[in-house]
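Here's the structure, in structure tokens; my notes come after.
Hydrogens, waters and symmetry mates are skipped; everything else that's a heavy atom, side chains included, is used. Sequence lines set the chain letters: A, B, ... in the order given, protein chains first and strands last, and positions in each chain run from 1.
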Amino acid sequence: MNVMIDVQKVSKNFILHNQNGTTISVFNNLSLQVHAGECIALYGQSGAGKSTLLRSLYANYKPTAGAIAIRHGENMIDIVSAPPRKILEVRKHTVGYVSQFLQVIPRVSALNIVAEARKELTGNTEEALEKARTLLHRLNIPERLWNLAPATFSGGEQQRVNIARGFAVDYPVLLLDEPTASLDAINRQIVVDLIHEAKAKGTAVVGIFHDDEVREAVADRVIDMQSMENAA
Amino acid sequence: MHNIQDVPQPAPADNASPSSVTSVNPEFGSAEEQPLLSVAGLSKYYGDRAGCLNVSFDLYPGEIIGIVGESGSGKSTLLNCISGRLSPTYGTVTYQQQSKERCDIHAAPEHLRRMLMRTEWGYVHQNPRDGLRNNVSAGANIGERLMGVGMRHYGNIRSKASSWLERVEIMQERMDDLPRTFSGGMQQRLQIARNLVSNPRLIFMDEPTGGLDVSVQARLLDLLRELVADMGLAVVIVTHDLAVARILAHRLMVMKGGVVVESGLTDQVLDDPHHEYTQLLVSSILQV
């Protein structure tokens with residue numbers, strides 16, 4: 001199986017300059033490989049560094065040391081040292097990220113938010129909108145909401161829009177930060193199905209799943225972040 | 001095994017000369033792309049005091065770079081030097097013209113600089129009155145750039161002006177009105193239309209949403225985001241508003257005291273700021 005994500009001895013500290021230079025060490029010398037079609041669940045109490053690692057995999061956080069190589073086409077790209085332009089290219093084609101909360105842009109409709117990344121990737125607006133409709137429909141977002149900006153949606157609806165957005169492109173690598181946190185059982189199952197389908201297509205998935213049932217249903221391996229810290 | 005063939009490959013460049021052997025490019029994007037603008041070692045001194053100090057960066061086609069920092073940090077000095085409006089004390093700004101020819105902006109003759117400013121470049125001022133002709137109609141404001149690039153047919157100019165008014169959401173019946181009869185938000189949208197009508201490749205923006213109230217700001221931001229993406233424009237945008245930077249810019253340069261203290265991918269700089277000053281800026285945002 002192809003290695004899609006290769007985390008090599010990564011450490012992350014936060015130095016808070018304006019709070020007496022306090023240094024917070026989140027993890028040290030962490031190494032991890034994720035293969036195509038595999039789903040890894042990050043596990044541990046709040047504060048253990050799950051989100052920090054997930055954000056580092058998206059290059060949203062910059063590790064203090066180490067390398068994170070992502071398979072981008074035929075190449076392994078180290079997103080810790082890559083220039084911004086390269087990272088944006090890797091995100092466009094290869095890495096999708098579903099954040100815990102939807103970041104809404106004023107005036108942009110739910111449908112367009114979901115379709116945007118696919119539209120940008122393929123250049124085919126109509127096809128991207130069609131894919132967005134299919135996903136919104138599948139995630140039980142009522143059609144009357146599609147053309148509204150999601151700022152006024154309920155928490156669960158916003159989260160489902162966010163999930164639809166992450167699944168609108170068949171990314172080879174998908175990062176999920178508590179995708180089912182505020183969903184009911186029916187929608188949770190739909191997200192589980194979507195993850196299974198992505199894995200079957202060869203997507204490498206890394207996620208944080210608080211719900212034990214969901215984690216057991218999708219994860220091939222569980223990484224305990226607490227033990228990572230101790231191992232350092 | 002991922003279906004890599006599902007990912008669209010970039011179309012081969014149509015201007016590739018036949019002599020150039022097809023190089024195997026394993027990358028998705030066009031890594032060989034030349035920067036549109038190269039800024040190298042740029043410093044501007046006002047007497048002994050540095051307005052901006054030793055700034056270097058490359059800007060690629062379609063890339064949007066945000067320059068953020070508090071008032072007096074040197075953002076506007078830098079923007080003025082990059083856009084050829086102010087001569088730097090040291091350093092060079094190199095621009096690759098549409099003709100692929102590269103020119104040093106500050107060494108180039110005045111006529112070339114002026115020609116670029118009204119064709120391949122645009123400049124959006126914070127105060128729309130600085131960027132508009134206030135004693136001619138809205139339509140004429142848009143038409144002027146078209147005449148600057150050689151259009152002479154009145155009917156064509158007028159119809160193009162009218163379609164641009166529509167694109168920036170200004171009612172067409174206002175075409176013959178003077179800009180000063182417009183609201184601030186409309187004036188700003190008119191200034192944007194005036195700049196974009198000649199299909200520029202590079203736009204400089206100085207606090208484009210600065211003087212507008214928030215609802216008007218949101219509309220303008222959304223419009224800018226769409227237009228810039230549709231036209232594949234490269235943009236250098238100066239703003240002190242980090243929310244504006246997050247929505248528009250691909251990457252950021254954070255300035256303090258004339259020096260770039262931190263730069264990188266926009267969301268990385270804002271979500272994981274490393275420099276003391278950036279941390280202070282980000283933590284100073286008021287939450288609504």
Query - Which portion of A:Arg71 sits near chain B, non-hydrogen atoms under 4.5 angstrom - result: neither
Query raised in the report: At their closest point, which heavy atom of A:Ala59 faces which heavy atom of B:Gln268, and how far apart are they?
Result: O-NE2, 2.8 Å
Report summary line: Max heavy-atom pairs within cutoff under 4.5 Å with chain B, candidates A:Asn60, A:Ile87, A:Leu16, A:Ile15, goes to A:Asn60
Query raised in the report: By number, which residues in residues 219-236 of chain B have some heavy atom less than 4.5 Å away from chain A?
Result: B:Arg219, B:Asp222, B:Arg225
Query raised in the report: Which atoms of A:Gln19 come close to chain B, meaning under 4.5 Å heavy atom to heavy atom: side chain ones, backbone ones, both, or neither?
Result: neither
Requested in this report: Under 4.5 Å heavy-atom distance to chain A, tell me which part of B:Glu276 shows up: side chain, backbone, both or neither.
Outcome: both
Report task. Quick one: pull up OG in B:Ser283 and NE2 in A:His17 and give me the separation to the nearest 0.5 Å. Result -> 12.0 Å
Report summary line: Distance col, row B:Ile64:CD1 vs A:Leu88:CG, nearest 0.5 angstrom, shows 10.5 Å
Query raised in the report: So what's closer than 4.5 Å to chain B heavy atoms on A:Glu120: side chain, backbone, both or neither?
Result: neither
Requested in this report: Check whether more than 12 heavy atoms from other residues, nucleotides or ligands sit under 6.0 Å from atom CZ of A:Arg118, and answer yes or no.
Outcome: yes
Query raised in the report: Can you name the one residue among A:Arg91, A:Lys62, A:Lys86 that meets side-chain contact (heavy atoms from CB on, under 4.5 Å) with B:Leu265?
Result: A:Arg91
**Report entry** Part of B:Ile247 lying under 4.5 Å from any heavy atom of chain A
**Finding:** side chain
**Report entry** Per-residue contact mode, A:Lys12 against chain B (heavy atom under 4.5 angstrom)
**Finding:** side chain
Query raised in the report: Under a 4.5 Å heavy-atom cut-off, does chain A meet the side chain of B:His275, its backbone, both or neither?
Result: backbone
Requested in this report: Could you tell me which portion of A:Phe14 (side chain, backbone, both or neither) has an atom closer than 4.5 angstrom to a non-hydrogen atom of chain B?
Outcome: side chain
